[in-house]
There are 2 protein chains.
Amino acid sequence: MVSSSVSGTEPRRVTIHDVARSAGVSRQTVSRALNDKGEIDGTTKQRVLDAARALGYRPSRFARGLVRQDTTTIGLVIPDLLNPFFTEVAAAALEAARARGWHVVVYDTADRAEEELGTLQVIGSQVDAVVGYFSCPEDELELFTRGMPVVLIGREHHSARFSSIRIDGEEGVHAAVAHLVAAGHTRIGMLDHQARAEPSVRYEWFTAAAASYGIDPDLVVGADQSADGGGTALRTLLAAHPDVTAILTFNDIIAIGALREARRIGRSVPRDLAVIGFDGLQLGALVEPPLSSVALDTRRLGALAIDQVARLLTGVDPLTADDLVVRAELRLGESA
Amino acid sequence: MVSSSVSGTEPRRVTIHDVARSAGVSRQTVSRALNDKGEIDGTTKQRVLDAARALGYRPSRFARGLVRQDTTTIGLVIPDLLNPFFTEVAAAALEAARARGWHVVVYDTADRAEEELGTLQVIGSQVDAVVGYFSCPEDELELFTRGMPVVLIGREHHSARFSSIRIDGEEGVHAAVAHLVAAGHTRIGMLDHQARAEPSVRYEWFTAAAASYGIDPDLVVGADQSADGGGTALRTLLAAHPDVTAILTFNDIIAIGALREARRIGRSVPRDLAVIGFDGLQLGALVEPPLSSVALDTRRLGALAIDQVARLLTGVDPLTADDLVVRAELRLGESA
DNA sequence: ATGTCATCCGTGAACGTTCACGTGAGCGCT
DNA sequence: AGCGCTCACGTGAACGTTCACGGATGACAT
């Protein structure tokens, strides 16, 4: 039962003063009662509490935050929460933040540059630090996050203003290629991420590994970052190169789409087509066959990001680039 | 609750006053420059901006929030972000909140009562309203959210303080049973959620539907809310009732685990075992075979919750229980 | 009666920002 | 000269809470 007032009137907030007046005490006494401080009589405390409840009083977080600066809030910016990889990273970050008693405001930019920009414009006045994925140029980022610690994930940075956590899949991808080669594959394709103009870093790892085994690295096609995108890309790849017997993918979602497509066109995995993804999502264990993947520890990723934020916030001992690395390693399922 | 304080010297915040002094103007002029208000000369504005940057000034969100109450922040509480159902709900809520320019603080309680309690204790002083899942008793909820709008999801409430969004799967489950009966099934099992002591509402829908078709509703076994839990439960169910040819599950995750287990024990789906889940997760389209499910529109669920929060916040036209319903309906994949 | 002490409570000030005003300079017009 | 207007900027006040004090009251001992 909401206390009804005629619509149109300004509802003026119930303040600590109102409670004080109603209980016949001072502000300070109300504050004491509500915050469980000492120096207050039991009966008056109860009286204040009753008055507060009767008036529906709720302290202003702004006023409180202004005077005691003990709460830290960080902003987590991700392109798409429905992408399981980001879900895992977000969950990990939330867990690490909770352990510190921090609050996390989550922004899903829906993979759209304008939403990302909009987020940047408002986030500065809402949080104490930012961690997440950004696709905008650094100077723009710099502009809006001025004075705040910023931890980037999976992105190189040039400005000294930012920290970034590097994802190192070089060895993992190498191991994946080695695994495929050992299984007799010689025509290995890759379903890369197509959003960017230039090929991805993961593709470069692939070419490097392929080169060391004398494998042709040019069997590559761009894929939309979704299961459907993976399916479509696999079809395209096989149409151009029917002799491909194994593929690496930019990430697990694409790989899962490829698995599904392979089943549709009657290619048995891993017999007719070996598939190795990237990310090592929990989801990979649910599909058939269980996905092999160059897996990275998303939990550590999130924890590392939060840890670095903590260091930047206090200014003590920030980690250097060498420490801010999460290495991915080959984890075999049954798809390769 | 644990607030880590910085050891050492407190670096005293740089305020708008410092910028003003440094630029040789007044606070108000600084405010004008930073907020792009008019009534300021171009050169002084630039001077102020330079001074602000030089000092590393960043406005206090508390002070700003105190004076202009234009930002609303809501708290979203979920038991487990890694559970795809909650991921979808969270994504939907984030989207709806973004459309309103709201900020969302996300709390993952990790399915633990103590974390939920801890969240409740701090959330009151951080947000303007709360939406989410809670497992604690109503009076406890009431205690901590006093004076705030609260929208519960998928939970009945008795106190008038709360709104809750009801998930109505009665017709959908009925349709699912009807579908199975039409396909010739007579022994239909259910993998229910086992966490609660009493059977779930979804099981009650099942018994009701089963009754109307003269089907034995007692082929039920509790499952942990995970893929592994679904697999284990299916094994238990089939051990007790080998003649079961179709199952409904509490949710899609359990169903997906059942699918995997069926494959392991050599039961072909849907030929040897028909499976129908609940939730209609996007994930269901990725598994083999694509999952049939009593699907609910998670996007609408999130949007509805946010919409109701908006109404409660402004006090105009809050929706009633009859409107706060999301109906689930049978969506056929290939698993039944 | 006086001092000592603990308990309970109130008063200004501060936190950092924006809003509603006020002010003075400069300019053009009658 | 006087009036009115615009432009650029400054000044007190307000937002709602907590902190650092200080004061009043009574109990108890001296």
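Model, not experiment: these values are computed from the prediction. Letters A, B, ... are given to chains in the order of the sequence lines, protein chains preceding strands, and every chain is numbered from 1.
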Rounded to whole Å, please give me the gap between [atom1] in [X] and [atom2] in [N].
X: His17(A); N: dT17(D); atom1: NE2; atom2: P; answer: 11 Å
X: Glu39(A); N: dA20(D); atom1: CD; atom2: C1'; answer: 11 Å
X: Arg21(B); N: dC9(D); atom1: CZ; atom2: P; answer: 19 Å
X: Arg68(B); N: dG16(C); atom1: CZ; atom2: C1'; answer: 13 Å
X: Ile16(A); N: dG10(C); atom1: CD1; atom2: C1'; answer: 13 Å
X: Asp18(B); N: dG16(C); atom1: CG; atom2: P; answer: 9 Å
X: Ile40(A); N: dC8(C); atom1: CD1; atom2: P; answer: 9 Å
X: Arg13(B); N: dT17(C); atom1: CZ; atom2: C1'; answer: 10 Å

Do Arg13(B) and Asp18(B) pass the salt bridge (charged side-chain N to carboxylate O under 4.0 Å, His left out) test, and can you show the C-alpha distance, the side-chain angles, and the key distance before you say yes or no? CA-CA 9 Å; Arg13(B) 185 185 185 100; Asp18(B) 301 322; over 6 Å; no
More than 12 heavy atoms of other residues, nucleotides or ligands under 6.0 Å from CZ of Arg146(A): yes or no? yes
My understanding is that only one of Asp128(B), Asp307(B), Asp70(B) makes a salt bridge (charged side-chain N to carboxylate O under 4.0 Å, His left out) with Arg100(B); could you say which? Asp307(B)
Remember a base hit wins even if backbone is also touched, and classify Lys45(A) as base, sugar-phosphate or nothing at under 4.0 Å, heavy atoms. nothing
Side chains of Arg64(A) and Thr71(A): any donor to acceptor distance under 3.5 Å? no
Any N or O donor-acceptor pair under 3.5 Å from the base of [N] to the side chain of [X]?
X: Gln69(A); N: dC15(C); result: no
X: Gln28(B); N: dC9(D); result: no
X: Arg32(A); N: dG10(C); result: yes

So, is [X] close to the [N] phosphate, meaning a side-chain N or O under 4.0 Å from OP1 or OP2?
X: Ser26(B); N: dC9(D); result: no
X: Ser60(A); N: dT17(D); result: no
X: Ser31(B); N: dT17(C); result: no
X: Thr44(B); N: dC9(D); result: yes

Position toward the 5' end of DNA chain C (nearest nucleotide), Leu66(B) or Val25(A): Val25(A)
Between [options], which nucleotide has the shortest distance from any of its atoms to the side chain of [X]?
X: Arg27(B); options: dC9(C), dA13(D), dT17(D); result: dA13(D)
X: Val67(B); options: dC15(D), dC9(D), dT18(D); result: dC15(D)
X: Asp41(A); options: dT17(C), dC8(C), dT17(D); result: dC8(C)

Between Gly42(B) and Lys37(A), name the one whose nearest nucleotide on DNA chain D is closer to the 5' end.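 Its nucleotide being nearer the 5' end, the pick is Gly42(B).
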Is the backbone of His158(B) close enough, under 3.5 Å, to the side chain of Glu138(B) for a donor and an acceptor to pair up by distance? yes
Walk me through whether Asp50(B) and Arg47(B) qualify under salt bridge (charged side-chain N to carboxylate O under 4.0 Å, His left out). CA-CA 5 Å; Asp50(B) 290 343; Arg47(B) 187 154 40 94; over 6 Å; no
